[in-house]
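Throughout, a chain's letter reflects where its sequence line sits, starting with A, and its residues are numbered from 1.
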Amino acid sequence: MFEIKNLHVKINDTEILRGIDLKVNAGEVHAIMGPNGSGKSTLAKVIAGHPDYEVTEGEILYEVNFKKINVLEMEPEERAQEGIFLAFQYPVEIPGVGMSAFLRAAFNALCRHQGAEEMDPMDFDVFLRKKMKLLAMDEKFINRPVNVDFSGGEKKRNEIMQMAVLNPRFAVLDETDSGLDIDSMRIVADGVNKLKNKNNAMLVITHYQRLLNYVIPDFVHILVDGKIVKSSGKELALEVEDQGYDWLSKK
Amino acid sequence: MTDTMIAPTEKNSLFMEQLDTLTGPLKGEKSPGWVAQLREEGLTRFRKLGIPTVKDEEWKYTNLSAVAGHRYTLSAKSALSPAQRKDILKRYCGKADVNIVFVNGAFDKELSNLGKIPPQGSLPAVGIEVSTLQEAAKNDPAAVQEIWAHYDPQKDSAFVALNKALTQEGVYIHIKDKIIANQLICILHVTEAPGEQIATFPHAFIRLGKSSEASVLETHVGLNDENIYLADPLTDVFLEENATLHYVKAQKESLKAYHVGTTRVWQKRDSTFNGFSLVAGALITRNNLDVVINGEGAAAFLNGLYSVYKNQHVDNHTSVDHRVPKATSNQLYKGVLNDAARAVFNGKIFVQPIAQQTNSYQLNKNLLLGKDCQVDTKPQLEIFADDVKCTHGATIGQLNEDEIFYLQARGVPRKIATRILTQGFVDDILNRLTRDSVREQAARMVAPSLEVLEG
């Protein structure tokens, strides 16, 4: 359902991704691991359509209604409306914009795109509270400005809560595990696992193997210096945990 | 009256010439000698100063030559239609509030509900006095005169002096010691005088006794964006020991109007002035808010929001004078500018040598949405004490691209994201208005300036 072909990406004339190939089928979880600076987060942002990155070569194809569409030609909001979701590594704080208003705007944009009726504010409130409960988020957050005065862990949980609200078909989790204590990690992982089904797929980007104990990947890819140097099953994550990345980059 | 073109150099003299015409009708008024004396004092002072020009440091960024270029009248022939009256009651006069309404500068008894305030001696409004200025001057002249005694007439600004010379209508509010006034007191000025070019000079006195508390909303609205007029309101606030005033000045004048207003606040020990200034329109707005902190432990909160578009110009000058130790002042002014709008913020903080352990903060944040808008922001701190905490800052910028991308990544189109973030910038400060009805009115007044984003 999602395919990256020979993707090359530059930022400020520095090439960060140097030919990525990746194919993800519905129902699969793929993990991308790699040392700092290998280009993991760049890949996540390029998929979501961040304007700072320049794609110099390659394509990203995404299957919608049995048709392959070219993701790189779409605005970030169009990608999101088609079900591509990015859980941010550093969620953005938005003073003055309440969580509920923010998510209702997002949810309604999705409804409009699908030709469905917008949900009325009262119903949405009930719906949102349910999703917050799923991520063990205190209800008081519903009226707070987005991510303002949230702890690191709360921000990450909030990303997955938003994923639960928007129910994407292809989700990219960018270092969702960093900065989480073990309890939060379990809550987040449980949330992610509940959202997993045979029709959607996930790309889990992580520096450590920790999260992958809970969200079990079907494939693990190692990204070094802008290229995928090794792909294998879930056991690869443990190997990396044991031996680090050096043995891979020297090859 | 048609507005003839006049060369800029002659504009000021044109305005000075009309002073005789403007003061003419006041000569026949049956007022006590002290009122006539105040008028004369104001007039003399104004004749000396004239309309300020950009050569004056205080007026460097705000050019009033357009203000001086019109002929004004003190009263209007126009009257509101029944539909307009109904609309005003609906929009601006809460049934549960005390409403004092002025239309084209004149007190409108029918739109006001002063008569419905329980008279003194009956609960719960015992100790709350709200009347027109004329009545107060008649009933309690000493109290009105005493207020003037706080200020040196030789230091009055041009527009304070002009107000003093020409004021006809106003409000007198007195909350007695230990009285907590729960009712919102609304002073409303409506201008609707097509083709008439009127000038209004309302004066409000708000006086809070020891350990009392009140909420006052002063609103200025123009009903028709084509109307040309000048509003020169003056509001004097006096807070006795431990008194708390929640005061909002909200303004949405016509797009061709001039509003040059002054609010002076005098604070005694442990009193709190919780102020908010909203500017949502006028061709040229200048608001002076001058706070004198004259009692230890007093606190002044100065919040402000301005949101303008087209060729509107808004200038906020604040001044906080810490004359005693251990007081706090905290200012946050936010502005949204669109099209070719222009804003000026000048925030003065004086900390006198005796005023040790002063805490004073000031922040001005501007959001520029238009290609041709401009902001001049200038903090001005004069600190003569050494044991103080004072900070100030100013930001001028566009919407944060990271925030826009975050919303887009959730499926919200860029245009809607822009609207949501701008509203967020505005709500962040509007949320400081804790009284729902006031916050809702402020939000309604500011809404048209934000709707232009969608056009």
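- Both tests do not hold together for B:Lys365 against B:Phe425: distance to the six-membered ring centre under 6.0 Å, angle to the ring axis within 45°.
- A salt bridge links B:Arg342 and B:Asp376; the closest N-O separation between the charged side-chain nitrogens and carboxylate oxygens is under 4.0 Å.
- For B:Ile420, the parts lying under 4.5 angstrom from a heavy atom of chain A are both the backbone and the side chain.
- Taken to the nearest 0.5 Å, the CD1 atom of B:Ile404 stands 9.5 Å off from the CD atom of B:Gln398.
- Most heavy-atom pairs under 4.5 Å with chain A: of the set B:Gln423, B:Glu401, B:Arg410, B:Glu403, this distinction falls to B:Arg410.
- In this structure, chain A has heavy atoms under 4.5 Å from both the backbone and the side chain of B:Asp402.
- The most heavy-atom pairs under 4.5 Å with chain B, out of A:Gly49, A:Ala106, A:Gly96, A:Pro145, come from A:Gly96.
- With a threshold of 4.5 angstrom between heavy atoms, A:Val165 does not approach chain B through any atom at all.
- Annotation: cation-pi pair A:Arg144/A:Phe141 present, NZ/CZ under 6.0 Å from the ring centroid and within 45° of its normal.
- With a 4.5 Å cut-off on non-hydrogen atoms, A:Glu93 touches chain B through its backbone but not through its side chain.
- A salt bridge links A:Arg129 and A:Glu139; the closest N-O separation between the charged side-chain nitrogens and carboxylate oxygens is under 4.0 Å.
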